[in-house]
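The sequence lines fix the lettering, A, B, ..., with proteins before strands; numbering per chain opens at 1.
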Amino acid sequence: MTQIVRTPHEGPRAASAKRPGRSAVSRRSVTLITGCVLSGMILLLALVSLFWTPYAPDDTSGGRLTGPGAGHLLGTDKLGRDLFTQLMTGSRIAVEAGLGSVLIAAVAGVTLGVLAAFAQGWLDDTLSAFLDILIAFPTLLLAMLIVAARSATLGSAVLAIGLAQSAVVARVVRILVKRVLAQDYITAARTSGTSWPRIVAGHVLPNIWPTLVVNLALQFGLAVLAEAGLSYLGLGAPPPNASWGRMLQEAQATFTTAPAGALAPGVLLVLLVIGVNLVADGLRDTLDPATGRRRS
Amino acid sequence: MTLLDIRGLTIRTTDGHTLVDDLSLTIAGGERRGLIGESGSGKSLTTLAVLGLLPDGMTATGSIELAGTQIVGAREKHLTRVRGTDAAIVFQEPLTALDPLMRVGRQIAEPLARRRGLKGAELQRAVARALEQVRLPEPDRIARAFPHEISGGQRQRVALAMALACEPKLLIADEPTTALDVSVQADMLDLIDTLVRERDMAVLFVSHDLAVVARVTDRVLVMKDGRAVEEGDVREIVRRPREEYTAALVASARRLESALDTRRAR
Amino acid sequence: MGRYLLRRFAFLLVSLALASVVLFVLLRMLPGDPANALTSVGASPEQIAAARHSIGSDRPLPEQFTHWIGQVATGDLGTSFVSSLPVGPEVGSRLNVTVPLTLAAFVLAVLIAVPAGFVAAYKRHTWYGALLSGASQLGIAVPVFWLGMILVAVFALNAGWLPAGGFPPDGWNQPGEAVRSLVLPVVTIALVMSASLIRYVRSATLDVLGSDYLRTARALGSSFGRAMWRHGLRNASVPVVSVLGIELASTLLGAVVVESVYALPGLGSMLATGIAQHDYPVIQGVLFVSTLAVLLIGFAADLVQRIIDPRLRGRLSGGAP
């Protein structure tokens, strides 16, 4: 989706925000804690699945489409595999997809964004127009192209999502860096002969990282959603890897007869994304009070 | 005749901080009154309370009577009638105080049309007159400009013209020169002084700078941490400040004054 | 304004040309020989060479590109390798599904998000204001295909009010059927889209509510409603319009998932099939038309923004910040 970076706004609420009351602080930490609990739950599931699952992921010994009950906590899918086991491996794939994509997006996006921020004149215009077009193309569409070129694996999906997101990250970084470069202390550092690489490392990055971290947290949620979408279209991790998106696609036909399979993966997906978004909101308020204050 | 009568005004945030504490102040018709204190002393909040415009999450208790209307606890409908006619305000920051997307002329026309029922060519003439009164050159060009196309001093004159267009009984000026270049500050103060005298308007002039307040007002109230610490005639206070805090304010204004004098002498 | 229009239009053409080159080169980097799509498994080298020659993929890249651009300039998007049908008319008939779908969803999303976002900001201290903000938080976390699945299960499979998917074979010649089959897809897209729009409308409204100019207007006797009408609406619409442009573009192109849930013959599913079959002319044609649409929408959004905001009039491209 879209992010828009806006200039901090000084309104009358700024006056009231000078004295953050107890309620503001507690609301902030409630957001952060709720987010951590939700995403932590899924993360725990993913970690445990590395060592233990109730059944083997490809164990088809259960009856087909049995409902929730003894032996199978949430029942089985149409091939007789344990649903809860599938959900656990699915959470691992979701977390891997999110982390992998964000890592790629961060490295490529920050590099491109910093370079674009230093560009001047028509080069700057062209670069930002290019980024705008890239951003208007949905992550999913770019991902489909790359997946088609490389064959459908989790790696292709992660690479595709990461590259598509790096355009968004690059645009955000470009705007943030430009804002920092316009500050007087950069001019001061320049006049005293500090080299550009040292200015970037010493002044620019420390100033932009709070906003960057918040943005990357949001990208994590979007990456998880995009991976699910790709898997739903059959372009994600191939079987027997149980991606939530593919589980949903497989359960679609039996939605009314066996709703557990068509609901549970979706619910976990939503919980993970909301959890990460809440963490991002909480971090924004903690790390970046200048913009956090506006979101009372 | 008392125009503004503030008694025991207390402003609190919803989480219990007291920002203005038991403040009392009266202004008679035509009186020119200064309100002085450091930033955060509660002086700007007091002016907002007079117009019933406190930000969200703050409540006023006590009594504010403006031209016979009780402001504290009044309904929005009554407040709308009072604002602009009984008291109008000029804020500190002229760039954000004007709508960035609307031509200056239309912004001045709004109160004129609403309060005096002017229309068409008549309204346009009134706008031009309002701009001339605040001594803006080429009023027609300014009227067609957007706020970002004119200078800071010009913007503040436009804001003043808007406030005066309603012909209020009381003009509240909240640090109207603080955001301006030093070179235009004196002009702006002279302008306010002249226009207010011509109209026999009462003034509540808010500033952190005693030297500025002394130019346009006769009596001042000194505020610190939400309380009134001293009140009296400007010259009296400058000569014999009773409170240590006031003495510090006077001393800092003095230092500036003498620094300027030394420079002039050279 | 006239000069700006010219410059902005030139900018659009240059962007389109650049995007076409990038697109073309990217597609040639896809693995898999397009000639495979034409020949059966186990075809002799001669047959493959003949197939290559017939589609021109044996010629150097620049020549292929100029050939293709020349075709596009005359309105010819090429011929599908797989079906041997011209791509242009096919894209046209797909647009008959995708464009109404996207526009209706867009309008519905705006109708939901603008009032909801305003209330979420203005009444943020009430329970329903908080509820609206919470609902939009929830909405941006819901995958669009899952929402589609649920809506189908509830309104089509259980209640039987609407078709679960598909599009009438005669298309818009069966208007009743066509409209009925688009109701659920439109609602699906609109709900997801409005969830993210609400956040932007809310944040734009908060900016306006805290603005000095609104306070000035009220301090001089405007009622809150009048001040919001005169000053708030325009100011809040500046950031929202740029988001709307991006949302519209990405919905138009991102309709592929929803089209897949509802088995609609739209542009997105044409692209998905094209990618699966390595059908270059189809992929190229769909992406070219999509890029053109994205650029045109950006053009329109920039124009609207400039009309609203005089501060942008010195700049070539509006942009969000």
Side-chain angles (χ1 to χ4, degrees), chain A residues 1-7 9-14 125-126 128-130 132-133 135-141 144-145 147-151 171 175 221 225 228-229 232-233 235 244-245 248-249 251-252 255-256 259 262-263 265-266 269-278 281 294-296, chain C residues 11 15 18-19 26-27 29-32 124 137-138 140-146 149-150 152-153 157-158 196 200 203 206-207 209-212 215 239 242-243 245-247 249-251 253-254 256-257 260-261 268 271-272 275-276 278 283 287 290-291 294-295 297-298 316-317 319-321:
Chain A
M1 303 266 158
T2 51
Q3 264 86 36
I4 305 274
V5 176
R6 342 252 304 287
T7 44
H9 163 83
E10 292 293 330
R13 265 170 300 124
D125 275 354
T126 316
S128 42
F130 178 70
D132 278 353
I133 296 176
I135 286 164
F137 270 88
T139 305
L140 209 64
L141 210 66
M144 280 170 72
L145 271 176
V147 168
R150 292 192 66 213
S151 81
R171 181 159 88 163
I175 293 165
L225 282 174
Y232 176 84
L233 293 174
L235 298 170
W244 288 337
L248 288 171
Q249 196 273 326
Q252 186 171 1
F255 200 125
T256 42
L263 289 176
L269 192 53
V270 170
L271 288 183
L272 176 59
V273 177
I274 286 187
V276 178
N277 285 350
L278 288 180
D281 278 359
R294 296 174 32 249
R295 310 178 61 86
S296 56
Chain C
F11 180 73
S15 311
L18 271 178
L26 264 182
L27 282 180
M29 281 157 56
L30 285 184
R124 65 190 177 286
Q137 275 277 4
L138 178 74
I140 53 171
V142 172
V144 63
F145 59 88
W146 191 50
M149 282 169 61
I150 293 174
V152 166
L157 303 180
N158 264 345
S196 67
Y200 290 110
S203 137
L206 279 181
D207 278 356
L209 289 176
S211 71
D212 284 6
R215 192 176 63 175
S242 75
V243 174
I246 298 173
E247 287 276 337
S250 56
T251 307
L253 304 181
V256 51
V257 179
S260 158
V261 173
L271 180 66
I275 289 176
H278 288 272
I283 305 176
L287 288 183
S290 308
T291 311
V294 169
L295 291 172
I297 292 168
L316 182 57
S317 177

Is any side-chain heavy atom of [Y] closer than 4.5 Å to one of [X]?
{"X": "A/Q252", "Y": "C/V152", "result": "no"}
{"X": "C/P143", "Y": "A/W244", "result": "no"}
{"X": "A/L248", "Y": "C/F145", "result": "yes"}

Subject >> Residue C/V261 versus chain A: region with a heavy atom under 4.5 Å >> reply: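 For C/V261, backbone and side chain are both near chain A.
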
**OP:** Just give me the residue among A/V276, A/N277, A/L271, A/V273 that pairs up with chain C most often, heavy atom to heavy atom, under 4.5 Å.
**Re:**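 Looking at each option in turn, the highest pair count goes to A/V273.
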
Original post:
Which one of C/L295, C/L18, C/I150 has the most heavy-atom pairs closer than 4.5 Å to chain A?
Top reply: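 Heavy-atom pairs under 4.5 Å are most numerous for C/I150.
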
Original post:
Which atoms form the tightest heavy-atom contact between A/L225 and C/I140, and what is the distance?
Top reply: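 So the minimum-distance heavy-atom pair works out to CD1-O, 3.5 Å.
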
Subject >> Contacting moiety of A/L233, where chain C heavy atoms sit under 4.5 Å >> reply: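 Contact with chain C involves the side chain of A/L233 alone.
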
Original post:
Under the 3.5 angstrom rule, does the side chain of C/W146 hit a backbone N or O of A/G245 as a donor-acceptor pair?
Top reply: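 No: the side chain of C/W146 does not pair with the backbone of A/G245.
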
